[in-house]
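Remarks on the structure that follows.
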Amino acid sequence: MAPGAAADMGGIAVKVVVLAGGLGTRLQEATADKPKPMVEIGGRPILWHIMKSYAHHGFREFLLALGHKSELVKSHFLNYHYLSSSFSIELRTGRIETHEPRQEDWLVHLIDTGIATQTGGRLKRLAPWVSDGTFMMTYGDGVANVDLPRLLAFHRAHGRLATVTAVRPPARFGGLSFEGDLVRCFTEKPQIGEGWINGGFFVLEPGVLDYIDGDQTPWEYAPLERLAAAGELFAYRHEAFWQCMDTLRDLRLLETLWQQGHAPWKVWDGDD
């Protein structure tokens, strides 16, 4: 299927790149037998949660930049249609009939970008797929309730090459306010006060590819530094929920939020 088919599916014709090829070394307990984007929250890969968020806002064409254990991501989507529904199979002919299928209206491109390729290199390898206009990009290990249409509008309004969603990292400990030695205020793990960081959820123009040297270029260093120095990088400040899945602690937090029905990133309707 040719790139750019999202418009034919009723979605917004802006492709979404998801970097899904890293090793997940800081989450080894959960990534020993699967790539990090396939680690599950509520019985679904975090990759699915990210894609559901984009699709909810009308962004339905995805480019998955694969690397480590790419075959497991491919297998997941190859079998998605049947494993998401009940079906009957006629063993003599192999004919399969699905019953009340619950399918996503997505177009998913699964693209090998190398085992040891850095984040910038993975993006550069997708040049043939993203050279025709504005596209989005995010990491395959973080969820948020970013207003994605508003993010896109912000990017188009400033007219530069790149927009990064800036977030405040969740504090890992409770916050204390003192008056002398007296605790006047205690806030449990506030998402404040630690400055702004790269939260992913980028909007980019094809021109950013010129800032990436090759496979061994991390997107987060020279390319973003050069874009900033050239005045081509704007920040969209997101004050609401954002959470990465870097550690087992992060995974447990996300799972708890989901199981309790308080997952802020679940902006779509339905039980899933």
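Sequential numbering from 1 along the given sequence is applied to the chain's residues. Worth knowing before you read on, the calculation uses all heavy atoms, side chains too, and leaves out hydrogens, waters and symmetry mates. Just so it is clear, the structure is predicted and the values come from calculations on it, not from any experiment.
Side chain of E232 to backbone of L227: no donor-acceptor contact under 3.5 angstrom is found. The backbone N or O of R252 lies less than 3.5 Å from a partner atom in the side chain of T256, making a donor-acceptor pair. With H56 contributing its side chain and V267 its backbone, the two residues share a donor-acceptor pair below 3.5 Å. In terms of modelled atom types and a separation under 3.5 Å, the side chain of S84 and the main chain of H81 share no donor-acceptor contact. In this structure, T163 contributes its side chain and F202 its backbone to no donor-acceptor pair below 3.5 Å. A donor-acceptor contact shorter than 3.5 Å is absent between the side chain of N79 and the backbone of H76. Side-chain atoms of R122 come within 3.5 Å of backbone atoms of G21 as a donor-acceptor pair (strictly under, hydrogens ignored). For T113 (side chain) and R125 (main-chain N/O), no donor-acceptor pair under 3.5 Å exists by modelled atom type. Under the 3.5 Å distance criterion, the side-chain polar atoms of E61 are left unmatched by any main-chain donor or acceptor of V14.
Residues D250 and Q243 are in side-chain contact: their nearest non-hydrogen atoms beyond the backbone lie under 4.5 Å apart. Residues D112 and E71 are not in side-chain contact: their nearest non-hydrogen atoms beyond the backbone lie 4.5 Å or more apart. Between V167 and Y236, the closest side-chain pair of non-hydrogen atoms is not below 4.5 Å. Inter-residue side-chain proximity for L64 and L19 is flagged as unmet; no heavy-atom pair is nearer than 4.5 Å. A 4.5 Å side-chain heavy-atom check between V18 and L63 finds every atom pair outside the cut-off. No side-chain heavy atom of Q118 sits less than 4.5 Å from a side-chain heavy atom of T217. Put simply, the side chain of L204 does not reach to within 4.5 Å of the side chain of M136, judged on heavy atoms. You'll find the side chain of W258 stays beyond 4.5 Å of the side chain of R44, heavy atoms only.
When all heavy atoms of H155 and L161 are compared, the pair lying nearest together is CE1-O, 3.7 Å. Between P149 and H57 the shortest heavy-atom distance is CD-ND1, 3.4 Å. Between P223 and I212, the shortest heavy-atom distance links the atoms CG-CG1, 4.0 Å. For W106 against A55, the heavy-atom pair with the smallest separation is NE1-CB, 3.1 Å. Residues F154 and A235 approach most closely at CZ-O, 3.3 Å, considering heavy atoms. Y211 and A230 get closest at one heavy-atom pair: OH-CB, 3.9 Å.
Rounding to the nearest 0.5 angstrom, the gap separating the CD1 atom in I111 from the OG atom in S70 is 12.0 Å. How far OG1 of T119 is from CH2 of W219: 9.0 Å, rounded to the nearest 0.5 Å. Atom OG of S131 sits about 11.0 Å away from atom CG of L126, to the nearest 0.5 Å. Interatomic distance, H68 NE2 to K34 NZ, rounded to the nearest 0.5 Å: 11.5 Å. Rounding to the nearest 0.5 Å gives a distance of 14.5 Å between CH2 of W129 and CG of L123. For the atom pair L248 CG and L253 CG, the distance stands at 11.5 Å (nearest 0.5 Å).
The cationic atom of R168 (NZ for Lys, CZ for Arg) does not lie both less than 6.0 Å from the six-membered ring centre of W242 and within 45° of the ring axis.
Taking the six-membered ring for Trp, W48 and W268 have ring centres closer than 6.0 Å.
Classified by interplanar angle (parallel below 30°, tilted 30° to 60°, perpendicular above 60°), the ring pair F77/Y80 is parallel.
Residues V108 and L78 fall into different hydrophobic clusters, defined by Ile, Leu, Val, Met, Phe, Trp and Tyr side chains chained together at heavy-atom separations under 4.5 Å. Cluster annotation: L66 is not connected to L72 through the hydrophobic network of ILVMFWY side chains, with a link wherever side-chain heavy atoms come within less than 4.5 Å. Transitive grouping of hydrophobic side chains (ILVMFWY, heavy atoms separated by less than 4.5 Å) keeps L47 and I115 in distinct clusters. Under the 4.5 Å side-chain heavy-atom criterion for grouping Ile, Leu, Val, Met, Phe, Trp and Tyr, V164 is not connected to Y221 through any hydrophobic cluster.
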Exercise for review: Starting from the C-alpha separation in whole Å, work towards a yes-or-no answer on side chain to side chain contact (heavy atoms under 4.5 Å, CB included) for L233 and L224.
Suggested key: CA-CA 7 Å; L233 179 62; L224 287 181; 4.3 Å; yes
Point to revise | From CA spacing to verdict: side chain to side chain contact (heavy atoms under 4.5 Å, CB included), K52, E104 | key: CA-CA 9 Å; K52 282 287 282 189; E104 312 295 353; 3.6 Å; yes
Review point. Taking it one step at a time, do D215 and K124 satisfy salt bridge (Lys or Arg N to Asp or Glu O under 4.0 Å)?
Key: CA-CA 8 Å; D215 278 1; K124 184 120 179 169; over 6 Å; no
Exercise for review: Might you work through the side chain to side chain contact (heavy atoms under 4.5 Å, CB included) test for L148 and Y54, ending with a clear yes or no?
Suggested key: CA-CA 7 Å; L148 296 170; Y54 276 98; 3.5 Å; yes
Practice item. Verify side chain to side chain contact (heavy atoms under 4.5 Å, CB included) between K15 and F62, making sure each step is shown before the conclusion. Key: CA-CA 6 Å; K15 298 165 193 162; F62 299 93; over 6 Å; no
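Pairs engaging residues 139-149 under the side-chain hydrogen bond (donor to acceptor under 3.5 Å, both in side chains) rule: K36-D141, Y139-N198, Y139-E220, N145-H238 [sequence neighbours left out].
Under a 4.5 Å side-chain heavy-atom criterion applied to ILVMFWY residues, the cluster that includes I96 comprises Y82, F87, I89, L91 as well.
When I41, V146, I46, I50 are each tested for a side chain to side chain contact (heavy atoms under 4.5 Å, CB included) with W265, only one passes: I41.
There is no side-chain donor-acceptor pair under 3.5 Å between H99 and S86. Residues E205 and T134 bring a donor and an acceptor atom of their side chains to less than 3.5 Å of each other.
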